[in-house]
There are 2 protein chains.
Amino acid sequence: MKPLQHPRAADINIYAVLHALAEPARMQIVRTLVEAGGKPCGSFGIDLSKSTLSAHFKVLREAGIIRQETGPGNSRVNTLRHEDLDTRFPGLLTAVLLAVERTETALPSL
Amino acid sequence: MKPLQHPRAADINIYAVLHALAEPARMQIVRTLVEAGGKPCGSFGIDLSKSTLSAHFKVLREAGIIRQETGPGNSRVNTLRHEDLDTRFPGLLTAVLLAVERTETALPSL
DNA sequence: ACCGGTGTTCGCCAACCAGCGAACACTGCC
DNA sequence: GGCAGTGTTCGCTGGTTGGCGAACACCGGT
């Protein structure tokens with residue numbers, strides 16, 4: 001596999017990040033990576049076609065949210081660029097993750 | 001003017017918020033409101049047509065980010081729903097605003 | 001060499017989005 | 001009443017997005 005290109009930490013754009021995260025499937029990928037980094041693309045349990053998933057990973061990678069390295073076999077190892085994001089946008093990822101936790105963990109009687 | 005409808009604080013959706021903020025013009029509106037709340041729609045110094053601006057305000061309002069109340073004359077008074085956002089998504093708005101500050105305040109020689 | 005597993009890329013399509021102008025609605029003032 | 005000012009709504013347009021399947025590329029094992 002060819003190694004993929006990633007934006008430098010200093011080039012991470014806030015609008016690209018917000019746009020990338022404003023999509024449930026991509027958010028799900030990020031949330032999964034928070035709990036367990038170093039996962040191949042196919043192991044996220046998201047019911048979408050391969051091509052669609054690949055596109056989502058591309059959006060996340062080009063936004064600088066994840067890193068995709070060539071892994072064993074023909075797989076990609078996906079990791080969160082948690083430190084890079086925190087350096088560039090302190091507290092952003094944490095706040096977003098906390099927010100989505102609240103949204104997804106639907107409370108019964110509001 | 002008819003009063004407009006706003007989502008309840010508890011109904012504010014994280015994806016709607018992220019999508020609304022992932023747009024420079026809308027972000028500019030929010031940033032302006034942080035510094036000075038209670039501004040009418042036309043006073044944001046954004047070079048877009050009335051209809052486009054109106055649409056952006058609608059997106060922000062329906063995401064629960066701003067409140068639009070009927071103001072003097074035929075104007076709308078726009079205010080940030082800062083407390084509602086902080087209650088629902090603690091730290092999110094602050095982190096996003098800090099992030100965009102860093103992005104917009106372009107550093108010369110990186 | 002072959003085949004299975006993993007991702008990427010390439011059309012293609014339907015839906016959405018941001019932009020605009022024109023028309024309309026409403027308020028306030030003259 | 002008439003007019004200026006302020007927003008909203010309604011097409012319309014071009015560009016982007018998210019979805020898919022099919023085809024391709026690549027690595028590993030048999």
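The basis for the numbers below is simple: all heavy atoms, side chains too, and nothing from hydrogens, waters or symmetry mates. Below, chains carry the letters A, B, ... as their sequence lines are ordered, and counting in each starts from 1. Nothing here was measured: the structure is a model prediction, and the numbers come from that model.
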Task: d(CG, B:Leu48; C1', C:dC20) in whole Å - done: 10 Å

Task: Value in whole Å for how far the C1' atom of D:dT6 lies from NZ of B:Lys39 - done: 15 Å

Open item on the list: What's B:Pro72 touching, base or sugar-phosphate or nothing? Going by heavy atoms closer than 4.0 Å.
Closed with: nothing

TODO: Starting from the 5' end of DNA chain C, give me the residue, B:Ala22 or B:Lys2, whose nearest nucleotide shows up first.
DONE: B:Ala22

Open item on the list: Can you see if the side chain of B:Thr52 gets near the phosphate of C:dC20 - specifically, an N or O under 4.0 Å from OP1 or OP2?
Closed with: yes

Task: Residue pair A:Thr52 / A:Ser49, side-chain donor-acceptor N/O under 3.5 Å - done: yes

TODO: Figure out the OH/C1' separation between B:Tyr15 and C:dC16, and round it to whole Å.
DONE: 19 Å

- [ ] Using a strict cut-off of less than 4.0 Å between a Lys/Arg side-chain nitrogen and an Asp/Glu carboxylate oxygen, indicate whether B:Asp84 and B:Arg67 qualify as a salt bridge.
- [x] yes

Open item on the list: I'd like to know if A:Ser51 reaches the base of D:dG21 with its side chain such that a donor and an acceptor end up less than 3.5 angstrom apart.
Closed with: yes

Task: Nearest-angstrom distance from the residue atom CD of A:Glu23 to C1' of D:dT17 - done: 9 Å

TODO: Would you kindly compare A:His19 and A:Ser49 by the position of their nearest DNA chain D nucleotide and give the one closer to the 5′ end?
DONE: A:His19

Task: Interatomic spacing from CE in A:Met27 to OG1 in A:Thr32 - rounded to 0.5 Å - done: 11.5 Å

Open item on the list: I need the NZ-P distance between A:Lys50 and C:dG5, as an integer number of Å.
Closed with: 10 Å

- [ ] Could you tell me whether A:Ser54 contacts a base, only the sugar-phosphate backbone, or nothing, with contacts defined as non-hydrogen atoms closer than 4.0 Å?
- [x] base

Open item on the list: Expressed as a whole number of angstroms, how long is the span from A:Glu62:CD to C:dT9:P?
Closed with: 9 Å

Open item on the list: Just N and O in the side chain of B:His56: are any of them under 4.0 Å from OP1 or OP2 of C:dG19?
Closed with: yes

TODO: Identify the residue among A:Val96, A:Val59, A:Leu92 that makes a side chain to side chain contact (heavy atoms under 4.5 Å, CB included) with A:Leu21.
DONE: A:Val96

Task: Atom-to-atom span, CG of B:Leu4 to P of D:dT8 - whole angstrom - done: 6 Å

- [ ] May I ask you to check whether B:Arg61 and B:Gln68 show a side-chain donor-acceptor distance below 3.5 Å?
- [x] yes

Open item on the list: Between the base of C:dT27 and the side chain of B:Asn74, is there a donor and acceptor pair under 3.5 angstrom?
Closed with: no

- [ ] Identify which nucleotide among D:dG18, C:dG7, D:dG7 has an atom closest to any side-chain atom of B:Arg76, counting heavy atoms from C-beta outward.
- [x] D:dG7

- [ ] Grab the CG-C1' distance between A:Asn78 and C:dG7 for me, whole Å please.
- [x] 11 Å

